[in-house]
Enquirer: 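I am attaching a structure below and will ask some questions about it afterwards.
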Amino acid sequence: MNKTENQKAWFFVLPVLLLVAFNALVPLMTVVNYSVQETFGDNTFFWAGVLWFEEVMNSERFHAALGRQLFFTFTILAIEIPLGVAIALTMPRKGIWVSVCLVLMALPLLIPWNVVGAMWNIFALPDIGLLGRTLNAIGFDYNYTRQPGDAWFTLILMDVWHWTSLVVLLSYAGLVSIPDAYYQAAKIDGAKPFAIFRYIQLPKMKRVLTIAILLRFMDSFNIYTEPSVLTGGGPGNSTTLLSIDLVKIALGQFDLGPAAAMSLIYFLIILLMSWVFYTLMMRNEAK
Amino acid sequence: MNRVSRFVPALYIIFLMLPIYWLVNMSFKTTNEILGDFTLWPRQFTLENYITIFTDPTWYMGYVNSLAYVSINTVLSVAVALPAAYAFSRYRFLGDKHLFFWLLTNRMAPAAVFALPFFQLYSAVGLFDTYLAVALAHTLFNIPLAVWILEGFMSGVPKELDETAYVDGYPFWSFFIKIFIPTIAAGIGVAAFFCFMFSWVELLLAKTLTAVDAKPIAATMTRTASTSGYELGLLAAAGTLTIIPGAFVIYFVRNYIAKGFALGRV
């Protein structure tokens with residue numbers, strides 16, 4: 001669309017700008033402030049320069065948490081995106097089943113995150129939970145509170161349960177926007193189902209899929225409540241993702257300096273990766 | 001392929017329903033039955049857990065609090081996002097692209113990073129433990145989202161509409177409220193749905209910014225769990241009740257969800 005040049009448009013944006021700036025800039029400056037100072041607890045602060053940044057960058061603990069975070073994010077993306085597309089492809093296009101499917105599938109998205117964590121915590125317990133009990137009954141030695149492997153399995157299953165529907169809804173929206181004429185043309189040309197998927201459906205879903213990947217990437221990198229209720233980062237530190245580690249340092253040990261430095265590094269990583277995604281997305285849209 | 005593929009959505013829905021069923025199942029059981037036996041449905045069916053929640057103000061006020069700040073947040077986010085989205089979809093102005101990306105970056109900010117500074121900020125301005133504090137804090141991620149969705153919808157409305165109204169002599173605000181807003185009603189519905197959703201499910205900030213008066217239901221659950229031991233039946237009932245508002249909202253916007261995703265940019 002042709003846009004008119006109009007500097008007065010700034011007045012339209014002003015309320016948004018003020019509200020978001022109040023919420024974003026003041027806390028961000030607080031974090032920056034902590035990250036360059038040292039304190040001995042009596043509310044007196046000393047300039048510490050980049051000490052905390054060096055400490056965090058060199059700390060084994062941060063590397064381990066970042067590694068776990070990357071593993072988590074890429075695993076759930078690798079499962080949720082293909083699974084979500086597959087389910088969207090098999091969903092009915094017309095009739096009352098569409099509404100039934102949409103309503104039931106959207107349900108996990110609207111459950112408060114700590115309830116999701118608590119629900120899975122109970123569901124997976126080996127003695128009173130349906131999942132844990134069933135797995136043990138069919139011969140698996142499953143106990144997510146003791147064995148790191150089981151904890152990871154439960155964590156990933158929970159996230160797949162929680163968020164695959166978002167990918168389904170987005171892909172489905174992309175699919176229904178394809179005009180019937182495209183399919184008829186493909187039929188006349190005798191195209192195989194895979195060819196229809198590859199050359200008609202996938203290109204049409206490209207934009208919504210980019211959005212799905214971007215949203216899932218950002219949100220899974222920020223995930224805190226669900227794993228902290230489900231496993232609390234344990235057993236040991238085996239499922240301590242970045243957010244959980246950060247809260248442990250900031251509120252558990254009250255090491256504000258290192259926590260603030262870690263926050264900024266953490267935020268910059270998300271920002272950088274999202275910027276890459278966003279730029280690619282906008283370039284695609286411009287084509 | 002068709003015969004098999006028809007079962008895929010059904011299987012997926014069963015997978016989604018199982019943990020929810022287990023929660024609902026447990027909410028109708030007595031604590032003894034939950035801990036004592038492994039039963040697939042309640043043998044000693046009881047409504048005791050729900051009665052406790054509806055008669056005890058510390059429980060039911062949690063729902064009132066949650067719904068209060070979620071509503072304030074939804075109205076506020078959509079109201080300020082409307083003119084901003086209009087500006088982004090219709091005009092070019094200095095720094096518009098950077099501003100749009102900067103707004104989106106706030107959607108990426110981890111709540112864990114901001115929890116402590118938020119506590120200090122809202123204590124300093126005297127809003128700690130009020131609905132407004134949580135509603136304002138949640139605008140951090142809901143305004144960018146609302147602007148993003150609405151901008152997508154508005155870009156789908158031809159510019160001729162604006163020009164015709166201008167030629168007909170409508171003052172701008174009169175055109176905006178009487179003609180433009182009804183045109184993008186579906187988009188406003190979708191944006192409000194997402195604001196409601198993300199404000200309803202977020203807990204870390206809501207919990208950090210409240211103590212007694214504005215404490216959300218989900219926080220009541222965690223605190224009760226730690227003080228009075230594990231009353232699993234009660235927790236399950238409270239959890240079940242948190243699903244209901246979401247289910248209502250989805251039911252009302254079900255026809256817009258698919259459409260909204262396609263038109264808007266979310």
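Each chain gets a letter, A, B and so on, in the order its sequence line appears, and its residues count up from 1.
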Enquirer: Quick check on B:Leu140 against chain A: is it the side chain, the backbone, both or neither that has a heavy atom closer than 4.5 Å?
Expert: both
Enquirer: Keeping the roles fixed (side chain from A:Gln69, backbone from A:Ser220), state whether a donor-acceptor pair exists under 3.5 Å.
Expert: yes
Enquirer: Sort A:Leu109 into side chain, backbone, both or neither according to what part of it lies under 4.5 angstrom from a heavy atom of chain B.
Expert: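 Both backbone and side chain.
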Enquirer: Using a 4.5 angstrom heavy-atom cutoff, name the option from B:Leu76, B:Asp96, B:Leu23, B:Leu82 with the most pairs to chain A.
Expert: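 Going by pairs under 4.5 Å, I would pick B:Leu23.
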Enquirer: By a 4.5 Å heavy-atom criterion (distance strictly below it), what part of A:Tyr266 contacts chain B: side chain, backbone, both, or neither?
Expert: side chain
Enquirer: Which one wins on heavy-atom pair count under 4.5 Å against chain B: A:Leu130, A:Val103, A:Val20, A:Val100?
Expert: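 That would be A:Leu130.
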Enquirer: Go through the atoms of A:Leu28 and report whether side chain, backbone, both or neither lie under 4.5 Å from a heavy atom of chain B.
Expert: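 Contact with chain B is through both the backbone and side chain of A:Leu28.
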Enquirer: Go through the atoms of B:Trp22 and report whether side chain, backbone, both or neither lie under 4.5 Å from a heavy atom of chain A.
Expert: side chain
Enquirer: To check you understand the geometry: which heavy-atom pair defines the closest contact between B:Leu103 and B:Phe88, and what is its length?
Expert: CD1-CE1, 4.0 Å
Enquirer: Let me know if B:Phe198 has heavy atoms under 4.5 Å from chain A in its side chain, its backbone, both or neither.
Expert: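 Only the side chain of B:Phe198 comes within 4.5 Å of chain A.
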Enquirer: Contact part of A:Val247 toward chain B, heavy-atom cut-off under 4.5 Å: side chain, backbone, both or neither?
Expert: side chain
Enquirer: So for A:Thr30, is it side chain, backbone, both, or neither that comes closer than 4.5 Å to the heavy atoms of chain B?
Expert: side chain
Enquirer: Looking only at heavy atoms, what is the nearest atom pair of A:His162 and A:Ile111, with distance?
Expert: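 Nearest pair, atom of A:His162 first, then A:Ile111: NE2-O, 4.4 Å.
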Enquirer: Check each atom of A:Trp97 against the heavy atoms of chain B and say whether the ones under 4.5 Å are side chain, backbone, both or neither.
Expert: neither
Enquirer: I need the single residue from A:Leu110, A:Val115, A:Asn114 that forms a side chain to side chain contact (heavy atoms under 4.5 Å, CB included) with B:Thr242. Which is it?
Expert: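 Only one option passes, and that is A:Val115.
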Enquirer: Please assess B:Thr105 against A:Trp275 for the test side chain to side chain contact (heavy atoms under 4.5 Å, CB included), listing each intermediate value before the final yes or no.
Expert: CA-CA 9 Å; B:Thr105 62; A:Trp275 181 78; over 6 Å; no
Enquirer: Among B:Asn25, B:Leu99, B:Leu40, B:Leu11, which residue forms the greatest number of heavy-atom pairs with chain A at distances under 4.5 Å?
Expert: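 Between B:Asn25, B:Leu99, B:Leu40, B:Leu11, the count favours B:Leu99.
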Enquirer: By a 4.5 Å heavy-atom criterion (distance strictly below it), what part of A:Val26 contacts chain B: side chain, backbone, both, or neither?
Expert: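 For A:Val26, side-chain heavy atoms alone lie under 4.5 Å from chain B.
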Enquirer: Please name the pair of heavy atoms, one in A:Pro27 and one in A:Phe22, separated by the smallest distance, quoted to 0.1 Å.
Expert: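 What the structure gives for the nearest pair is CD-O, 3.7 Å.
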Enquirer: Kindly write out the residues that satisfy ring pair (Phe, Tyr, Trp, His ring centres under 6.0 Å) with B:Trp41, not counting sequence neighbours, or none if the list is empty.
Expert: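 For B:Trp41, no residue satisfies ring pair (Phe, Tyr, Trp, His ring centres under 6.0 Å) once neighbours in sequence are set aside.
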Enquirer: Is B:Ile143 in contact with chain A via its backbone, its side chain, both, or neither, using a 4.5 Å heavy-atom distance?
Expert: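 Answer is side chain: those atoms of B:Ile143 sit under 4.5 Å from chain A.
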Enquirer: By a 4.5 Å heavy-atom criterion (distance strictly below it), what part of B:Ile13 contacts chain A: side chain, backbone, both, or neither?
Expert: side chain
Enquirer: Between B:Trp200, B:Phe141, B:Tyr251, B:Phe101, which has the largest tally of heavy atom pairs under 4.5 Å with chain A?
Expert: B:Phe101
Enquirer: Using non-hydrogen atoms only, which part of B:Leu121 is less than 4.5 Å away from chain A: side chain, backbone, both, or neither?
Expert: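 Contact with chain A involves the side chain of B:Leu121 alone.
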Enquirer: What residue, out of A:Ser228, A:Pro15, A:Ala21, A:Ala24, has the most heavy-atom pairs lying under 4.5 Å from chain B?
Expert: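 Option with the top pair count is A:Ala24.
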Enquirer: Please tell me whether B:Tyr21 and A:Phe123 form a close aromatic pair, meaning their ring centres lie under 6.0 Å apart.
Expert: no
Enquirer: Among B:Ala79, B:Ala84, B:Ala81, B:Ala247, which residue has the highest count of heavy-atom pairs closer than 4.5 Å to chain A?
Expert: B:Ala84
Enquirer: Would you mind telling me which of A:Ile122, A:Leu175, A:Thr225 has the largest number of heavy-atom pairs within less than 4.5 Å of chain B?
Expert: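 Option with the greatest count: A:Ile122.
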Enquirer: What is the minimum heavy-atom distance between A:Ala88 and A:Val168, and which atoms define it?
Expert: CB-O, 3.8 Å
Enquirer: Testing the 3.5 Å rule here: is there a donor-acceptor pair between the side chains of A:Thr90 and B:Tyr12?
Expert: no
Enquirer: Measure from the ring center of A:Phe12 to the ring center of B:Phe172 and say whether it is less than 6.0 Å.
Expert: yes
Enquirer: Using non-hydrogen atoms and a 4.5 Å limit, figure out which bit of A:Leu268 sits close to chain B: side chain, backbone, both or neither.
Expert: neither
Enquirer: What residue, out of A:Ala86, A:Ala259, A:Ser165, has the most heavy-atom pairs lying under 4.5 Å from chain B?
Expert: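 Ranked by heavy-atom pairs under 4.5 Å with chain B, first place is A:Ser165.
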Enquirer: Can you pull the side chain to side chain donor-acceptor pair (under 3.5 Å) pairs that have at least one residue in residues 76-86 of chain B, sequence neighbours excluded?
Expert: B:Tyr86-B:Asp162
Enquirer: Given that the side chain runs from C-beta out, which part of A:Asn33 has a heavy atom under 4.5 Å from chain B: side chain, backbone, both or neither?
Expert: neither
Enquirer: How close do A:Lys8 and A:Asn6 get, counting heavy atoms only, and between which atoms?
Expert: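 Smallest heavy-atom distance, with atoms named: N-OD1, 2.9 Å.
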Enquirer: Testing the basics here: between B:Ala137 and B:Tyr122, what is the closest heavy-atom pair and its distance to 0.1 Å?
Expert: N-OH, 3.5 Å
Enquirer: Against chain A, label B:Leu18 side chain, backbone, both or neither, depending on which of its atoms sit under 4.5 Å from a heavy atom there.
Expert: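 Both backbone and side chain of B:Leu18 come within 4.5 Å of chain A.
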Enquirer: Could you look at A:Trp113 and say if it's the side chain, the backbone, both or neither that has a heavy atom under 4.5 Å from chain B?
Expert: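 A:Trp113 touches chain B through backbone and side-chain heavy atoms alike.
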Enquirer: Return yes if some donor-acceptor pair links the side-chain N/O of A:Gln7 with the main-chain N/O of B:Leu94 below 3.5 Å, else return no.
Expert: yes
Enquirer: Given the options A:Leu264, A:Asp219, A:Val31, which has more heavy-atom pairs under 4.5 Å with chain B than any of the others?
Expert: A:Asp219
